[in-house]
Amino acid sequence: MNDIENFIHELESALSKAPGKVTEDVLEYYKEYIDDAQKEGFSDNEILLKIGSPYKIANAALTEAIIQSTNIHPGPVNLIKTSRKVYGRGITRAAKSMSLGLVSIVPMLLALLFYISSAVFGMAAPVIAAFLAYSIVINPSLVVSDILGQAGLILTIFTICLFIAWAFWKCANGLTKATMYIFKKMVNKTKAENSDTDQSAKKKRPALKALGITLAALLIIGLILSSMSGIFPRYFALWNSQKPDSTIIIDKSFPSSGLTKISINTLNSNIEVVSYEGNAVEIVYEQPPYFKLDLENNNNALLLQETSNGRLPLIDYFSIHEGMTKMTLKLPGNMKGIDLYLVTKGGDVEIRTSVRSINVDTYNGDITIHTPDGKYNGKLKSANGKVNIISDNPEAIK
Amino acid sequence: MKRGILDGLVLSILKKGETYGYELTEEVSKVLDIADMTLYPILRRFEAQGYLSTYSVEYSGRLRKYYKITDAGLKHLDKISKEFLELRDIIDMVVKERDHNE
């Protein structure tokens with residue numbers, strides 16, 4: 001193998017990882033050049049001296065090519081590959097383009113962050129859809145319009161997630177191009193041109209367009225279905241603290257003898273505890289159409305649990321507002337030896353009677369306790385609300 | 001700095017007429033010492049940016065690639081020339097100042 005063949009061989013192996021037809025292109029260029037130079041009567045040594053190191057040539061061509069190809073096909077994989085290459089090369093010439101290198105890190109990291117966000121939303125879409133579908137399956141008691149509504153909500157949330165993912169992806173691609181622009185400057189050390197020809201080379205893919213139209217259609221169908229079922233007004237009523245029209249009142253009595261513990265859990269209803277001139281424990285519950293009340297009476301303990309009936313998806317996981325519907329617990333005036341355990345996410349709690357112990361845990365709501373001497377037993381906790389202890393003599397309701 | 005000059009030089013050589021790799025290198029090396037520089041990435045970049053177009057012609061049994069400047073390339077050359085003219089004024093001033101002080 002003579003020196004020229006050796007040079008070509010080294011160049012070829014240094015370019016083995018080049019994308020597209022870069023290797024072919026570079027080799028063709030230098031073979032042609034060497035051929036012409038030989039015809040002009042230069043010796044092999046002279047020619048090789050003129051050309052320089054094959055590794056330098058390969059590195060320059062390779063870096064140029066991957067920046068170019070990432071600019072045309074932006075994406076996380078290409079971004080990482082190119083960044084590794086450019087920063088790897090950059091370290092060797094750090095003194096020359098340190099400032100540009102530092103500047104380029106900002107859009108590069110932002111682009112990566114946006115790609116990750118895009119992936120998160122893209123993956124969240126089917127997960128949320130599956131989760132909502134599951135919530136329909138486990139609530140077979142729903143009326144037909146609500147199944148449509150839930151399906152509509154699934155479609156809406158699913159498509160919105162995908163649109164957000166798409167928007168993040170587009171922004172990330174823009175940031176990748178910005179990074180490539182700085183990389184070009186870094187590598188060329190000349191004024192980089194953000195040429196339009198780069199973009200015109202990219203063809204619009206019809207499959208992507210069809211997908212976009214399908215998504216938009218799904219979103220519209222989803223919105224129509226969910227508004228037909230009245231899910232949106234229900235959420236709005238909850239948020240706006242309005243009692244829904246279809247609220248019903250449930251009134252139930254329990255014998256008070258032997259009862260030592262009453263637990264109440266609500267999602268978004270207020271709880272009021274009062275004493276009255278009666279002999280039984282009475283519960284008056286304003287039930288909105290999206291909640292149901294589970295009652296459990298074990299000998300000496302009474303448990304009241306407000307749960308979602310599935311007609312307002314995800315309500316268990318959000319605390320929208322202070323509750324607008326009310327659950328009133330009426331205790332006989334002489335019933336003092338009782339422990340109260342009250343938990344509510346969105347509701348307020350007000351206690352107008354003295355009992356053995358009061359334990360309250362609220363997320364958004366306020367806690368108000370009326371006692372004759374400002375003293376009480378138990379624990380009060382409100383994550384975002386106020387706790388008021390009022391010293392007055394609570395009057396029994398007749 | 002030298003590379004910015006190289007960009008302008010390559011385009012101005014191509015403006016005079018189409019040429020091929022070896023000839024171009026020879027033309028450039030008449031003016032600039034490019035032993036450690038390579039023209040290939042510049043040509044490739046110009047091609048990608050649409051400043052020049054290429055075509056191959058058969059020459060003594062093999063293909064020879066010719067480079068031709070485009071309208072976009074001429075415009076870019078114009079821009080570079082204007083920058084160089086501004087630079088020349090600055091250089092003139094600096095050099096005159098030095099002569100004056102001596």
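Note that this is a predicted model, so its numbers are computed, not measured. Just so it is clear: chains get the letters A, B, ... in the order the sequence lines come, proteins before strands, and each one is counted from 1.
- Remark: B:Asp89 CG is packed, more than 12 non-hydrogen atoms of other residues, nucleotides or ligands lying under 6.0 Å away.
- Contacts of B:Glu26 with chain A are made by side-chain atoms alone, with heavy-atom separations under 4.5 Å and no backbone atom involved.
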Assess the residue pair A:Glu32 and B:Arg62 against the criterion (side chain to side chain contact (heavy atoms under 4.5 Å, CB included)); give the C-alpha distance rounded to whole Å, side-chain angles, the decisive distance to 0.1 Å, and a yes or no. CA-CA 9 Å; A:Glu32 189 190 305; B:Arg62 57 173 179 77; 3.5 Å; yes
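- Both the backbone and the side chain of B:Arg64 come within contact range of chain A, each with at least one heavy atom under 4.5 Å from a heavy atom of that chain.
- In this structure, A:Asp35 and B:Tyr22 have side chains that are not in contact, with every pair of non-hydrogen atoms separated by 4.5 Å or more.
- Within the model, atoms CG of A:Asp36 and CG of B:Leu24 stand 11.5 Å from one another, a figure rounded to the nearest 0.5 Å.
- Each of A:Ile57, A:Val26, A:Ile51 was evaluated against B:Tyr40; a single residue qualifies, A:Val26, per the side-chain contact (heavy atoms from CB on, under 4.5 Å) test.
- Taking CD from B:Gln49 and NZ from A:Lys184, the interatomic distance works out to 5.5 Å, rounded to the nearest 0.5 Å.
- Annotation: the span from A:Tyr29 atom OH to B:Thr25 atom OG1 amounts to 4.0 Å, rounded to 0.5 Å.
- A:Asp25 places a side-chain heavy atom less than 4.5 Å from the side chain of B:Lys65.
- At a 4.5 Å heavy-atom cutoff, the contact between B:Leu63 and chain A is made by backbone atoms alone.
- In B:Lys82, the NZ atom is not crowded: 12 or fewer heavy atoms of neighbouring residues, nucleotides or ligands sit closer than 6.0 Å.
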